[in-house]
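The structure appears below as structure tokens.
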Protein chains: 2
Amino acid sequence: MGTLRSMVTPRTTPRRPDDLTLEVVDLIGSVVARYHEEYEEAAAGHTLTGAQARLLSLLSLEPLPMRKLAQRLKCEPSNVTGIVDRLESRGLVERRPDPADRRVKLAAATAEGRRVARSLQDSLRFAREPLAGLSEAERLALRDALRRMLREG
Amino acid sequence: MGTLRSMVTPRTTPRRPDDLTLEVVDLIGSVVARYHEEYEEAAAGHTLTGAQARLLSLLSLEPLPMRKLAQRLKCEPSNVTGIVDRLESRGLVERRPDPADRRVKLAAATAEGRRVARSLQDSLRFAREPLAGLSEAERLALRDALRRMLREG
DNA sequence: CATGGTTGTTTCAGTTAATGAAGTATTTCG
DNA sequence: CGAAATACTTCATTAACTGAAACAACCATG
């Protein structure tokens with residue numbers, strides 16, 4: 001069906017990605033799936049949900065106001081309230097007043113929270129294993145390609 | 001960067017990933033985030049949730065029993081029931097009996113469902129844009145690296 | 001061929017994530 | 001000062017997800 005058309009009108013479809021591009025997109029889809037799988041798995045290993053793990057990771061670096069958390073997680077502030085509530089009830093996160101602005105509440109990881117975040121990072125290190133199959137040169141090429149891909153948009 | 005360390009202690013840190021690997025992992029994290037963002041966006045453009053879009057995409061290729069859907073989506077069968085319910089109530093999917101086994105119900109995309117799935121694919125094609133910045137040689141190298149990464153595990 | 005175990009699906013109860021609309025403080029600025 | 005904007009919470013609602021229980025149909029095996 002399509003073969004005849006492509007023989008007759010070889011250059012009328014400028015937007016149609018070539019087979020190589022399609023394959024690469026497909027591969028990226030697989031990498032995305034695998035990354036997610038392992039992330040959720042690592043989180044579950046600490047009895048955390050994905051959203052909780054992501055938020056805790058952010059806070060392990062520095063305390064942040066709720067509104068900033070919402071921005072980083074790309075969700076509504078009211079949603080962050082619940083996630084922080086659950087982490088707080090487990091003693092992994094605490095709320096502090098911001099001395100500079102009494103409206104804002106800073107969410108901060110507790111010592112225990114940081115410990116869990118670190119352990120999470122380590123178990124996620126497992127996600128790096130696939131890279132072990134690549135030579136240094138390949139990893140360099142991969143880095144450059146990914147950098148360029150992300151540079152756009 | 002990591003060169004000095006690797007010269008001094010070439011075999012004492014077998015598990016600790018080098019800086020290059022860490023950077024690549026980080027870049028993959030960004031690609032994952034971007035991919036998801038665009039996928040959810042494309043789904044939302046059709047008033048579908050991510051889970052619904054994923055399920056519909058699977059069904060656009062071939063009808064599948066509920067249990068197979070659960071396996072593909074890596075979730076419990078009871079969950080699939082709800083997602084299919086919602087898609088069915090919108091006329092995008094239908095349930096048919098499996099002639100070979102009266103226990104199983106095949107979920108199948110309707111004509112409208114296939115149309116939506118195709119349109120979804122097309123808007124997701126936007127996700128391929130980042131690849132446009134790469135030369136053919138780079139895309140080839142990227143493909144090979146990704147293939148090898150996924151080969152393991 | 002009966003019957004007991006297994007499989008495929010659904011229902012139900014419960015948790016989490018997420019949004020959007022109010023509502024309450026607090027800050028900022030005309 | 002007073003009005004508008006900002007930060008957070010609460011509430012109602014929907015979806016995704018899990019695990020347990022129920023039900024029907026399949027399939028062995030004695």
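Here is the naming used below: chain letters follow the sequence lines, and residue numbers restart at 1 for every chain.
Going from atom CZ of A/Arg54 over to atom C1' of C/dA18 covers 12 Å, rounded to whole Å. Counting to the nearest Å, the P atom of C/dA18 and the CD atom of B/Glu41 are 17 Å from each other. C/dG14 atom P lies 17 Å from atom CZ of A/Arg86, rounded to whole Å. The CG-C1' distance, from B/Leu64 to C/dG8, rounds to 14 Å in whole Å. Rounded to whole Å, the distance from CG on A/Leu69 to P on C/dA17 is 14 Å. Atom-to-atom, CG of B/Leu73 to P of D/dT18 comes out at 10 Å; the value is rounded to the nearest Å. In this structure, CG of A/Asp85 is placed 14 Å from P of C/dA18, rounded to the nearest angstrom. The CG atom of B/Asn79 sits 18 Å away from the P atom of C/dG8 (whole-angstrom rounding).
The shortest distance between the side-chain N/O atoms of A/Thr81 and the OP1/OP2 oxygens of D/dT9 is below 4.0 Å. Within the structure, a side-chain polar atom (N or O) of A/Arg102 is placed less than 4.0 Å from OP1 or OP2 of C/dT27. Phosphate proximity of C/dT7 to B/Arg67: absent, as no side-chain N or O sits under 4.0 Å from OP1 or OP2.
Side-chain N/O atoms of A/Asp122 and A/Ser119 include no donor and acceptor closer than 3.5 Å.
Residue-level contact check: B/Arg95 touches the backbone only, with heavy atoms under 4.0 Å from sugar-phosphate atoms and none from bases. Here B/Thr49 lies in heavy-atom contact (under 4.0 Å) with sugar-phosphate atoms only.
Residue-to-nucleotide proximity on DNA chain C shows that, of B/Asp101 and A/Pro77, the 5′-proximal contact is made by B/Asp101. Both A/Met66 and A/Arg103 lie near DNA chain D, and the one whose nearest nucleotide falls closer to the 5' end is A/Arg103.
A salt bridge is defined here as a Lys NZ or Arg NE, NH1 or NH2 lying under 4.0 Å from an Asp or Glu carboxylate O, and A/Glu112 with A/Arg115 meets this definition.
Considering CG of B/Leu106 and CE of B/Met66, their distance stands at 10.0 Å, rounded to 0.5 Å. Taking CG of A/Leu73 as the reference point, atom CG of A/Asn79 lies at 8.5 Å (rounded to 0.5 Å).
Here the side chain of B/Thr110 pairs a donor or acceptor atom with the backbone of B/Gly91 at under 3.5 angstrom.
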